[in-house]
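Each ligand, and each atom within it, is numbered from 1 in the order the structure gives. Keep in mind that this is a model prediction, so the values were computed, not measured. Numbers for residues simply follow the sequence, beginning at 1.
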Amino acid sequence: MKKIGILGTGSCLPERIIPNSYFEKILDTTDEWIVTRTGIQTRRMIQPGQGLSDLATRASERALEMAGIPPEKLDVIIVGTSTADMLSPSSACIVQHRLGAKRAVAFDINAACPGFIYSLAVAQKFMQDGSYDHALVVGGEIISNRIDFKDRATCVLFGDGAGAVVLGHPSQEEGEILNIDIESDGDLWSLIHVPGGGSRIPLSQKMLEKGLHYVKMQGNEVFKYAVRTMADSAIKAMKAAGVTSDEIDWFIPIRPIHVLWTWWPTV
Ligand SMILES: CC(C)(COP(=O)(O)OP(=O)(O)OC[C@H]1O[C@@H](n2cnc3c(N)ncnc32)[C@H](O)[C@@H]1OP(=O)(O)O)[C@@H](O)C(=O)NCCC(=O)NCCS
């Protein structure tokens with residue numbers, strides 16, 4: 001199987017910064033509560049009219065620049081998101097159009113928070129057999145218009161942004177992705193969900209009035225599950241890669257539920 005490595009990374013955040021003091025003015029909450037429990041002091045939010053592909057395209061341009069890969073060389077573009085620009089087409093197709101990545105296959109993966117890791121895993125499989133050489137994988141969300149600013153348990157936690165990586169076949173000396181562990185537990189689907197706007201409860205005035213287009217979350221249950229499974233997932237990924245914990249230089253918990261482990265030579 002061919003080696004797969006990250007050749008370039010890029011990110012893009014909206015300019016608008018929302019500090020905790022904003023929520024103190026509109027809700028029964030405090031900066032102290034938010035910081036103590038989450039560490040969050042500020043979050044970024046888009047301006048009305050912006051869409052996910054605005055952030056995703058900029059992040060991708062930065063990743064391509066770092067990788068030194070022109071967009072025409074991309075074979076596949078995968079955007080992991082649950083907040084695409086529109087219901088159809090995929091945001092990946094819009095990113096493809098904006099980049100001019102003419103020959104790429106482009107599609108979204110909706111796996112909510114761990115969407116980036118799922119997308120990375122899919123891109124890795126496409127590339128391992130050598131059929132694709134260059135992949136662009138983006139993770140991004142515009143969650144600020146899916147949260148209820150009257151629900152203090154969710155609105156203080158989320159922000160908007162996008163990150164991108166360009167994958168290729170690295171040289172002997174360069175680092176590679178050793179293993180990715182992804183898991184799903186569909187039994188827990190209701191712990192975080194957006195009930196309205198899909199096929200079961202389509203868009204309607206009544207649905208909007210009930211606030212069914214907003215994220216519903218049992219945060220403390222998510223937290224307990226995430227803490228438990230994060231360690232298990234990390235151990236599995238290390239075992240599969242033949243790496244021990246004392247060989248890990250960086251541990252980056254990108255999302256609470258799913259974890260990516262990469263190992264890069266110490267520099
Ligand atoms: C934020 C978090 C740490 C809070 O956990 P917690 O301390 O167990 O909080 P709970 O949700 O049980 O709420 C405890 C109390 O704080 C209150 N509370 C919730 N949000 C609040 C806020 N922003 N300000 C003040 N009080 C708040 C609740 O109303 C509740 O009050 P009550 O006891 O009077 O009913 C936790 O929900 C969390 O991290 N969840 C993870 C969510 C996540 O990662 N989601 C993304 C998944 S991909």
Side-chain angles (χ1 to χ4, degrees), residues 11 13 17-46 52 55-56 78-84 91 108-122 137-163 180-198 211-234 237 251-261:
S11 61
L13 291 172
I17 299 173
I18 310 289
N20 290 344
S21 56
Y22 170 80
F23 295 102
E24 288 182 319
K25 285 180 205 133
I26 61 166
L27 288 168
D28 179 16
T29 190
T30 60
D31 175 59
E32 194 266 333
W33 193 98
I34 301 168
V35 173
T36 309
R37 284 169 180 78
T38 71
I40 299 166
Q41 293 175 331
T42 61
R43 73 285 292 140
R44 300 294 181 110
M45 287 187 189
I46 52 150
L52 180 73
L55 305 183
I78 309 178
V79 176
T81 187
S82 59
T83 53
S91 283
D108 289 356
I109 288 182
N110 179 349
C113 293
F116 173 76
I117 303 295
Y118 275 61
S119 304
L120 197 65
V122 171
V137 178
V138 186
E141 299 289 354
I142 303 272
I143 204 88
S144 57
N145 49 27
R146 289 274 175 83
I147 51 176
D148 182 355
F149 281 80
K150 293 191 205 81
D151 177 10
R152 65 180 182 173
T154 53
C155 70
V156 301
L157 298 175
F158 295 99
D160 303 331
I180 302 174
D181 181 59
I182 52 171
E183 295 169 36
S184 306
D185 188 342
D187 290 346
L188 304 177
W189 69 267
S190 62
L191 289 188
I192 312 181
H193 68 294
V194 180
L212 299 180
H213 54 304
Y214 292 135
V215 172
K216 314 288 174 201
M217 185 177 77
Q218 294 172 50
N220 49 7
E221 290 304 316
V222 173
F223 183 83
K224 280 188 263 175
Y225 178 80
V227 170
R228 196 172 60 247
T229 53
M230 182 182 282
D232 295 346
S233 182
F251 172 57
I252 308 173
I254 5 184
R255 288 293 192 190
I257 302 176
H258 295 253
V259 138
L260 156 79
W261 281 81

S.K.: What are the atoms of ligand 1, with element, lying closer than 4.0 Å to any heavy atom of Asn220?
M.R.: 8 (O), 12 (O), 37 (O)

S.K.: Sub-3.5 Å donor-acceptor pair from the side chain of Asp160 to the main-chain atoms of Ile46, do we have one?
M.R.: yes

S.K.: Using heavy-atom distances, let me know which of Glu221, Arg152, Glu32 sits nearest atom 17 (C) of ligand 1.
M.R.: Arg152

S.K.: Is there any N or O on Thr30 that sits under 3.5 Å from an N or O of ligand 1?
M.R.: no

S.K.: Would you mind telling me if ligand 1 is within reach of the side chain of Ile192, the backbone, both or neither, using heavy atoms under 4.0 Å?
M.R.: side chain

S.K.: Tell me, which pairs form a salt bridge (charged side-chain N to carboxylate O under 4.0 Å, His left out) where one or both residues lie in residues 214-223, sequence neighbours left out?
M.R.: Glu221-Lys224

S.K.: May I ask you to identify, for Val156, whether its side chain, its backbone, both or neither come under 4.0 Å of ligand 1 on a heavy-atom basis?
M.R.: side chain

S.K.: Going by heavy atoms, is Gln218 under 4.0 Å from ligand 1?
M.R.: no

S.K.: Could you walk me through whether Asn20 and Arg43 satisfy the side chain to side chain contact (heavy atoms under 4.5 Å, CB included) test, starting with their C-alpha distance in whole Å, then the side-chain angles of each, then the deciding distance to 0.1 Å, before giving a yes or no?
M.R.: CA-CA 8 Å; Asn20 290 344; Arg43 73 285 292 140; 2.8 Å; yes

S.K.: Please answer whether the main-chain N or O of Gly140 pairs with a side-chain N or O of Thr81 as donor and acceptor at a distance below 3.5 Å.
M.R.: yes

S.K.: Need the ligand 1 atom indices (1-based, order shown) with element for anything under 4.0 Å from a heavy-atom of Ala153.
M.R.: 20 (N)

S.K.: Tell me, please, which residues at least two apart from Leu27 pass side chain to side chain contact (heavy atoms under 4.5 Å, CB included).
M.R.: Phe23, Thr29, Arg152, Cys155

S.K.: Between the main-chain N or O of Ser82 and the side-chain N or O of Glu141, is there a donor-acceptor pair closer than 3.5 Å?
M.R.: yes

S.K.: I'd like to check which ligand 1 atoms, numbered from 1 as shown, lie under 4.0 Å from a non-hydrogen atom of Gly219.
M.R.: 36 (C), 37 (O), 38 (C), 40 (N), 41 (C)

S.K.: For Arg37, take its heavy atoms, then give the atoms of ligand 1 lying under 4.0 Å from any of them.
M.R.: 3 (C), 7 (O)

S.K.: If you count heavy atoms of other groups shown closer than 6.0 angstrom to CZ of Phe149, is the number above 12?
M.R.: yes

S.K.: Flag Thr38 as yes when one of its N or O atoms lies below 3.5 Å from any N or O atom of ligand 1, and as no otherwise.
M.R.: no

S.K.: Taking side-chain contact (heavy atoms from CB on, under 4.5 Å) as the criterion, tell me which of Ile109, Val79, Asp108 meets it with Ser119.
M.R.: Ile109

S.K.: Number the atoms of ligand 1 from 1 as they appear, then name those within less than 4.0 Å of a heavy atom of Met217, with their elements.
M.R.: 42 (C), 45 (N)

